[in-house]
Novice: 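Sharing a structure, written as structure tokens. Questions coming.
Numbers for residues simply follow the sequence, beginning at 1.
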Amino acid sequence: MITKDVSSYPANDSAAVSEELSLSDLVARMRIYAAELRRYWWIVALICLPFLVWQGYLALTTPPMYETDLTFMVDEDAGGTSGLLNSVLGDFGLGSQKNNNDRIVELAKSMRIVRGALFTRVEIDGSSDFLINHFIRLHRLQEEEWDKPSKNPEQPSLKGFLFTRDSFEQFNRLEYAALKSVYGILLGDEKHKAIYSTRDNPDSGIMSLSLSTRSESLTIILLRTIFDQLSTFYILSSTTKQQGTFNIIQAKADSLRRLLNGTEYRAARFKEQNNLILRPTDQLPIERLSREKGMYSLIYGEALKNLEIADFSLRNKAPYIQAIDLPIPPLTGMPYGKKKALLLGLGLGLLAGCLFVIGRKFIRDALNRAN
């Protein structure tokens, strides 16, 4: 037999021969594993069976999800000279293009807004309760999520829990844990895919809220309530400074009005009681009251003018949040797809079966070489 001495080849040729031998070994090994799979196909089929049963069970028992969107836009043009200036500068490409859409969509996912919506009392299917309790019941959290004991000893058990109050600042540890669990299911966490999301279209300026739950009524009412909470909070937070100024001027104007009314009453009463007094010194109180009345009247007039200016500034500063498309029934339920279940179960089963057969072959060959 004639053998080739690989060491007699140049370095480059040796590397090429080594790579060719490694590739041929890999191809041969793949053929061996493919033959092993063909030989023990029935093991792969048996391993596929529980995965198919599992996915079939999910397809039959998982309730449908009702999904819908709510679209809206925000008009924050404060008008006035600043709005006109920005409009003119915009024609030359110099205007300010400040956009708070990103802030709004992030705010819509905040705990404050979602919590305010969840603790709104509404009626669903003839039962009046907090939206968060409706969510707990309709999503069967007590049976599917909260029935298992917690691995963390410091985490309280939520089995059978429902909220009885909405005083967030006075919640105990158990109530906070339940709220965080529901919030994690809505926004998504390490165990759940998000069922509530927000989107912003920077080209059109239109924003949208999306929600899917196991109940058509819950989806529509909860999404509308979140939008109401977002709209109210954003308008209040955008006009806090102007509202404070208006309240101060309003309080000052009310105080001046009371002083003016009191002075007018004292002047009239003095005239009634001293109608026959003719001496000039006895007329001094009425002159002083008349002077005070004129002063208070002048100051009160200025206060009313400032109050009107503050009211105009407040109304002009307030953003206008307009709903475009509100969710309405009926909604189409989205069941757990049978084709999806079949493909997913088959894919997972084939992967697990092939890995088992190939791994068993690899271990067996390694043990034979060791012996």
Novice: Over all heavy atoms of both residues, which pair between R165 and N172 is shortest? Give the atoms and the distance, please.
Specialist: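 Minimum heavy-atom contact is NH2-N, 3.9 Å.
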Novice: Just verifying a value: how many Å separate T198 OG1 and K109 NZ, rounded to the nearest 0.5 Å?
Specialist: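 Output value for this atom pair is 4.0 Å.
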Novice: Quick one, D125 and S127 - any side-chain contact, counting heavy atoms below 4.5 Å?
Specialist: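 A side-chain contact is absent here, since even the closest heavy-atom pair is not under 4.5 Å.
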Novice: Do R121 and D166 meet the salt-bridge criterion of a basic N to acidic O distance under 4.0 Å?
Specialist: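 No, this pair does not count.
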Novice: More than 12 non-hydrogen atoms from neighbouring residues, nucleotides or ligands closer than 6.0 Å to CZ on R364, yes or no?
Specialist: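 Yes - once you tally the heavy atoms of other residues, nucleotides and ligands closer than 6.0 Å, there are more than 12.
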Novice: Nearest 0.5 Å, what's the OG1-CG distance between T164 and N133?
Specialist: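 Reported to 0.5 Å precision, the distance equals 8.5 Å.
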Novice: So if you build clusters from Ile, Leu, Val, Met, Phe, Trp, Tyr with side-chain heavy-atom gaps below 4.5 Å, do Y183 and L162 land together?
Specialist: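 Hydrophobic grouping puts Y183 with L162.
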Novice: What do the steps show when you test I321 against F227 for side chain to side chain contact (heavy atoms under 4.5 Å, CB included), and what is the final call?
Specialist: CA-CA 10 Å; I321 300 182; F227 173 73; 3.8 Å; yes
Novice: Hey, is the main chain of F168 close enough, under 3.5 Å, to the side chain of Y176 for a donor-acceptor pair?
Specialist: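 Looks like yes, one N/O pair under 3.5 Å.
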Novice: Would L223 and Y196 satisfy side chain to side chain contact (heavy atoms under 4.5 Å, CB included), going step by step from the backbone distance to the final call?
Specialist: CA-CA 9 Å; L223 196 58; Y196 168 63; 4.3 Å; yes
Novice: Please answer whether the main-chain N or O of A117 pairs with a side-chain N or O of T225 as donor and acceptor at a distance below 3.5 Å.
Specialist: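 Side chain of T225 to backbone of A117: no pair is present.
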Novice: Are the charged groups of R29 and E36 less than 4.0 angstrom apart, N to O?
Specialist: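 E36 and R29: not salt-bridged.
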Novice: Please confirm whether R103 makes a cation-pi placement over Y234, using NZ or CZ under 6.0 Å from the six-membered ring centre and within 45° of the ring normal.
Specialist: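 Checked: cation-pi criterion not met.
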Novice: Could you check whether any side-chain N or O of T219 sits under 3.5 Å from a backbone N or O of T213, counting only pairs where one atom can act as donor and the other as acceptor?
Specialist: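 Yes.
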Novice: Could you go step by step and tell me if E67 and L331 meet the side chain to side chain contact (heavy atoms under 4.5 Å, CB included) rule?
Specialist: CA-CA 7 Å; E67 183 177 3; L331 302 180; over 6 Å; no
Novice: Go through the steps to decide whether F130 and F119 satisfy the test ring pair (Phe, Tyr, Trp, His ring centres under 6.0 Å), and finish with yes or no.
Specialist: CA-CA 5 Å; F130 296 129; F119 284 96; 5.7 Å; yes
Novice: Under the 3.5 angstrom rule, does the side chain of S167 hit a backbone N or O of E169 as a donor-acceptor pair?
Specialist: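 Checking the backbone N and O of E169 against the side chain of S167, no donor-acceptor pair under 3.5 Å is found.
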Novice: Checking T120 side chain against G116 main chain: does a donor-acceptor pair fall under 3.5 Å?
Specialist: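 Present.
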Novice: Got a salt bridge between E143 and K159, using NZ or NE/NH1/NH2 to carboxylate O under 4.0 Å?
Specialist: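 No, E143 and K159 are not salt-bridged.
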Novice: Could you walk me through whether I185 and L141 pass side chain to side chain contact (heavy atoms under 4.5 Å, CB included), step by step?
Specialist: CA-CA 10 Å; I185 294 172; L141 297 188; 3.5 Å; yes
